[in-house]
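The structure appears right after this line, and notes come after that.
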Amino acid sequence: MLDTHYDHFKVEQDKYEKWKEGNYFQAGLDKSKPPFSLVIPPPNVTGKLHLGHVMDTIPDDIICRYKRMKGFDVLWVPGMDHAGIATQAKVEQKLRAQGISRYDLGREKFLEKAWEWKKEYADTIHEQWAKLGLSVDYTRERFTLDEGLNKAVRRVFVTLYNEGLIYQGEKIINWDPVLRTALSNIEIIHKDDEGEFFYFLYDVEGTDKQLVVATTRPETMFGDTAVFVNPKDKRYKDLVGKMVINPANGDRIPLMADPYVDISFGTGAMKCTPAHDPNDFALAKKYGFPLIKVLDETAHMNELAGEYKGMDRYECRKALVEKIKAEGHLDHIEKMVHSVGHSERSDAVVEPMLSKQWFVKMKPLAERVLAQQKGDDPIVFYPKRFSKVLTRWMSTIEDWCISRQLWWGHRIPAYYDKETGEILVTEETPDMNKYVQDEDVLDTWFSSALWPFSTLGWPNVEAEDYKRYFPTSVLNTGYDIIFFWVSRMVFQSLHFTDKNPFERVIIHGLIRDEQGRKMSKSLGNGVDPIDVIQKYGVDAMRYFITTSSAPGLDMRYSEEKIASSQAYLNKIWNAARYVEMSLGEDYVPTTFAKKELGTLERFIIARLEETIKKVESKMEVYQFGAASSILYDFVYDDFCSYYLEMSKVSLTHKENEAVVKAVLYKVVKEIVLMIYPYVPFIAEEIYMSLPGHKASIMEESYPVYDASLIDRKAEKAGALLRTMIGDIRSTKSAKKMAPNAKVKLSISPKAPFKGIEEYLIRFVFASSVTIDKEAPKGDSLIYSGTTLTMIEDIDPSLLKEKLSKEAEVLKSEIARGEKMLSNPGFVAKAPKEKLELEKNKLEANKQKLSDVEERLKNL
RNA sequence: GGAUGCUUAGCUCAGCGGGAGAGCAUCGCCCUUACAAGGCGGGGGUCGUGGGUUCGAAACCCUCAGCAUCCACCA
């Protein structure tokens, strides 16, 4: 028997351990079942889980638990991501607090520290998975740096290299001067920063003219190779071809014309710094300019900056501007807001810099994805529009810079001959006496991109899991990592397995704080899921997170909604408690034949069956919000507020007892089974307290819709009684009668079903209910064929007011109906059922109106 | 500059072609033996603007406005 109150601490205790030990999470134990698989979006080993992870994983868990009940052999692969840059930054930060830099330790020692870090955080993450109740298969847990995944990474790298799709090249890349590594384009966050636009005067050689050139980056002027104007720009026509003097260092550089330059921007004259700007780099290639780097890897000036050597880029900027100003070459300075790239991890202003790095040639890979999405077997996105996010990105993509100057990650499998410097790219480690390995590691997303197949055993295509569970069934993740992760899994999977990595992608939005702001460390507005669990229970949080927003849209964290989720669970808890009390101690579950059922039993069973059908149809397409709200309405309105109350009367009759109990049992059990994927802990607790349970709710099947149990007539009659009760209550309220004021009721010409009197007596405090051929005088309510009359305490003026109001409403309804039905377009084009419905409604309303008018006259 | 989303009750949000919904808040009455984390009853919305399509529009199309996000550019 359940306790009086739902106590989430008690309910959540020990259950996860029990499930794990019962091997309920393990896949492949019964291979006669069809496979269903998914991979967890691997959390970074950088810290605690946050609400974003909850949104990533709880829908997955619901899917898994649902699919298991539906008879699938479900594999949910857990794992974690080494998160190269993020983890390395954290470990370095920790070391720095102890006054140590990574360079003090050296590569090997540093990696030891990183592995220690990983171990610690992996433990934390495991604990949190357990708290969340994630039903992942621990026998198949993976880590992006484990041996199997290493192998997959090397295979992919070497293959792409041999196919010419990975190359080493010297290009302008994004450089993080704090972490001292290259970054890919999408690891840059552009922010609108306030800056200054410096207008400098360049002397034009052989004339007395000066040219005004504007720049936001004076410190890069040491690397300038030319000044450009547009060939159509009349202002500078005469000057093109002359030499101008760089006011930073006195260099003579040519003034040239190129259509790239925008006449209307700035002064229309632009300096060209090939090694520190991607556009200038392209111009330099075109004209064969030298590429002059003036910054080192920490963004300090190098020897080309002369007296500024060793200065930070911003110090140099300040000092240089002062000098130029003093020399009379500063025209003016303008404030401007411009977009500046920051490193996603260190927030440092990223330096575009010429650098030798490894790249993936994206075009052929991206084209394959685009073809796939246009073809017969695209990956289905839900919501649909996110498919466009993928294809748009794929159609404008540039080569992917994959090398990172870090230590924590997959070392690039490229080796250089110590003697000749010749490069060798190979999966197997060569003779290290002869070779030295490339120092760099791969972008962490390089290994994440292989996650759906590398975790299943690839590159061994004969691996059992790979054969059975790949491609995976569904992937659930946030829209913010479609570029980072989803797109890369897609192209790598198509290239290496010739298959989509998953059939379907479900995209969720981000969770924001209660004011709608992004949760971030700097704002300190993050919500720790563990605190929420502590206060409301993990089930309430799971329910909230999966049911409080529409797919793909951002949601706000709302403590209020978590509390109301908890209240709902408490409701189910208590309904179950009532049922258990009604069943009694030694109840043995029995089935029932439809013909034994009374009207109200038929009503609730019909509603239950309809609910199962609707909920299931939403579950099948992973619309958890929609599914849960259908169930919610059934639980509250049909079951708790109505049938459960009615059953109190039914149970007073010995002859009904068995069948009412059987119905209560069936309904409450199936509610628990349907709610279970959302809230497994409380569902297990209730389930285990019901008679006739198995060892765990995890051994149960999903309720099966049975159309033969639906009796429409009884459903109507049941609904009628509910309407009558509601109407009598509100009539009393309108008449300022106490809710428990006694009234006499008359039903005419006959009862909707046998025994209805008793329910009315109990629930509207009727002193008597009679069945009469003719409706007596009184306050009548008419329900297609049945009249309910309430006699007693009638205050004529109040009644008159109420009836007049009712007549008004009816009149407008009739007018609407008549308008509709006299509209030839409607009659001709509306569906037949709708037409029928409207005709019947109009008839009924006319009948009601005439009745109301009759009563008004009688007053 | 390009793209996408949002605008519905006091607040937070569902609904997305056939008569406006939920939670919370609010008002009134109830400690009725499942539940006061509750029950019963009520109030509250010309569904951002303007047009169009349709027999019928909160929903579909276009316009505009506001808010948000992403991408690109920014010498």
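The chains referred to below are lettered A, B, ... by the order of the sequence lines, with proteins before strands, and numbering in each begins at 1. These numbers come from a predicted model, not from an experiment.
In this structure, CG on A:Leu370 lies 7.5 Å from CG on A:Leu390, to the nearest 0.5 angstrom.
Within the nucleic acid shown, A:Lys384 has no heavy atom closer than 4.0 Å to any nucleic acid atom. The residue A:Leu569 sits apart from the nucleic acid: no heavy atom pair falls under 4.0 Å. Looking at heavy-atom distances under 4.0 Å, A:Tyr568 makes no contact with the nucleic acid at all.
Taking the ring centre of A:Phe763 as origin, the terminal cationic atom of A:Lys648 falls outside the region bounded by 6.0 Å and 45° from the ring axis.
Rounded to whole Å, the P atom of B:G18 lies 10 Å from the corresponding atom of B:A58. Comparing B:C29 with B:G15, their C1' atoms sit 32 Å apart, to the nearest whole Å.
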Under the 3.5 Å Watson-Crick or G-U criterion, the dot-bracket string of RNA chain B, with | for inter-strand pairs | ((((((((.[[[[.)..(..]]]].(((((.......))))).....[.[[[..)....]]].])))))))....
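Between A:Ile682 atom CD1 and B:A37 atom P there is a gap of 16 Å when expressed in whole angstrom units. Between the C1' atom of B:A22 and the CZ atom of A:Phe634 lies a distance of 19 Å, rounded to the nearest Å. Between the CZ atom of A:Phe765 and the C1' atom of B:C29 there is a distance of 12 Å, rounded to whole Å. Look at OH on A:Tyr642: it is 18 Å from P on B:A34, rounded to the nearest Å.
Not counting sequence neighbours, the partners of A:Tyr479 by the side-chain hydrogen bond (donor to acceptor under 3.5 Å, both in side chains) test are A:Asp554. Take A:Lys669 and apply the salt bridge (Lys or Arg N to Asp or Glu O under 4.0 Å) test, not counting sequence neighbours, and it matches A:Glu700.
For A:Arg512, the listed nucleotide lying nearest its side chain is B:A68; candidates were B:G18, B:C35, B:A68. Considering only the side chain of A:Cys640, B:A34 comes nearest among B:C13, B:G23, B:A34. Comparing B:G15, B:C24, B:A37 by their nearest atom to the side chain of A:Glu560 picks out B:C24.
Between the side chain of A:Gln623 and the base of B:A14, no donor-acceptor pair under 3.5 Å is found.
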